[in-house]
Amino acid sequence: QITERIIVLFVVINSQEEVQGKYVVCVLFFLWNLLDVVRYTYSMLSRMGIYYLPLTWLNFSLCIPLYPLSVLAKAYAICVSLPYFESFGTYSIKLPFPFTFSIYFPYVLKMYLLVLFTGMCFIIQNIISERKAHLRTDDIKNKRS
């Protein structure tokens, strides 16, 4: 998750000034921060042995709709930045004679989009199974006592 955010933030958004002013960047930061505030608050309280049922429910339920929205926002930010990477040639590399190999960065971003959506499917399945495991009523009652 940290690597994913570093790639989107520094490679895609920060390297292209035209993308920095787009609304999708604001939406992306809002979704990331909303998810992190709930997750880190829940994690901190659970480490201290405090289980607050509404926060537990919010932590395991809010991720289900917001994580795919954040992935869509990331994908849209990448799609918006693709024309700029194509026209400016940022991060595209052409190696010298012995290798005669070139890396066209927009293709790398398009492959990253495939990995991003494939990974999202696995992560959503994991989130749903964690939600089922943590939100059992008898399990929460045992944690309280």
Side-chain angles (χ1 to χ4, degrees), residues 1-137 139-140 143:
Q1 184 179 13
I2 292 172
T3 306
E4 194 176 311
R5 289 184 182 184
I6 288 172
I7 290 170
V8 172
L9 180 61
F10 291 111
V11 175
V12 175
I13 296 171
N14 197 28
S15 67
Q16 302 295 332
E17 287 186 27
E18 295 82 4
V19 178
Q20 294 173 10
K22 304 287 184 186
Y23 290 114
V24 71
V25 175
C26 181
V27 170
L28 187 59
F29 288 158
F30 176 77
L31 290 171
W32 281 349
N33 288 323
L34 184 62
L35 286 168
D36 286 345
V37 164
V38 172
R39 180 178 47 219
Y40 292 141
T41 305
Y42 171 78
S43 296
M44 179 187 64
L45 291 176
S46 65
R47 295 278 181 208
M48 295 171 51
I50 301 170
Y51 294 97
Y52 185 58
L53 185 59
L55 185 62
T56 304
W57 182 87
L58 192 63
N59 180 50
F60 290 106
S61 299
L62 192 65
C63 291
I64 294 171
L66 289 187
Y67 184 74
L69 285 176
S70 71
V71 169
L72 287 175
K74 282 182 241 179
Y76 186 72
I78 291 171
C79 288
V80 165
S81 71
L82 279 175
Y84 300 111
F85 282 112
E86 289 171 354
S87 64
F88 298 135
T90 312
Y91 301 126
S92 293
I93 301 169
K94 194 169 194 177
L95 297 175
F97 171 69
F99 301 107
T100 61
F101 184 76
S102 62
I103 298 172
Y104 189 58
F105 192 67
Y107 291 155
V108 173
L109 286 178
K110 289 175 185 177
M111 287 188 293
Y112 178 71
L113 284 174
L114 292 174
V115 171
L116 188 66
F117 283 111
T118 306
M120 180 188 71
C121 296
F122 290 113
I123 289 174
I124 289 297
Q125 288 177 348
N126 187 30
I127 289 171
I128 290 172
S129 66
E130 280 185 16
R131 183 179 189 275
K132 287 178 184 176
H134 281 75
L135 291 182
R136 293 190 190 129
T137 54
D139 189 34
I140 291 173
K143 285 181 181 179

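Within the 4.5 Å cutoff, the side chain of Leu69 has no heavy atoms near those of the Val27 side chain. Ser46 has its side chain within reach of Tyr51: a pair of non-hydrogen atoms, C-beta onward, lies under 4.5 Å apart. In this structure the side chain of Ile13 reaches within 4.5 angstrom of the side chain of Val8, judged on heavy atoms. By the 4.5 Å heavy-atom criterion applied to side chains, Ser61 and Leu135 are counted as neighbours. Between Glu17 and Gln20, the closest side-chain pair of non-hydrogen atoms falls below 4.5 Å. Side-chain contact between Phe117 and Leu72 is present, with at least one heavy-atom pair separated by less than 4.5 Å.
Other residues, nucleotides and ligands contribute only 12 or fewer heavy atoms inside 6.0 Å of the CE atom of Met48.
Here the closest heavy-atom approach between residue Phe10 and residue Asn14 is recorded as O-CB, 3.5 Å. Met120 and Pro68 get closest at one heavy-atom pair: SD-CA, 3.7 Å.
Residue Leu35 holds its CG atom at 9.5 Å from CZ of Phe30, rounded to the nearest 0.5 Å. Note that the CG atom of Leu31 and the CG atom of Asp36 stand 11.0 Å from one another [nearest 0.5 Å]. Note: Tyr91 OH to Leu109 CG = 10.0 Å, rounded to the nearest 0.5 Å. For the atom pair Phe105 CZ and Ser15 OG, the distance stands at 7.0 Å (nearest 0.5 Å). Distance OG/Ser70 to CG/Leu28: 7.0 Å, rounded to 0.5 Å. Put simply, CG on Leu62 and CZ on Arg39 are 10.5 Å apart, with the number rounded to the nearest 0.5 Å.
Note: Tyr107 and Tyr104 have perpendicular aromatic rings, judged against thresholds of 30 and 60 degrees for the angle between ring planes.
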Side-chain donor-acceptor contacts of residues 75-82 below 3.5 Å, not counting sequence neighbours, with atom names and distances?
unit_1 : atom_1 : unit_2 : atom_2 : d
Ser81  : OG     : Ala77  : O      : 3.4
Ser81  : OG     : Ile78  : O      : 2.8

Practice item. Apply side-chain contact (heavy atoms from CB on, under 4.5 Å) to Arg131 and Trp57, showing your working. Key: CA-CA 8 Å; Arg131 183 179 189 275; Trp57 182 87; 3.3 Å; yes
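Using modelled atom types, one side-chain atom of Ser87 and one backbone atom of Tyr84 make a donor-acceptor pair closer than 3.5 Å. No donor-acceptor distance shorter than 3.5 angstrom exists from the side chain of Thr90 to the backbone of Phe85, with no hydrogens or angles considered.
Evaluation of the side chain to side chain contact (heavy atoms under 4.5 Å, CB included) rule for Ile127 yields Cys63, Ile64, Tyr67, Ile123, Ile124 as partners, not counting sequence neighbours.
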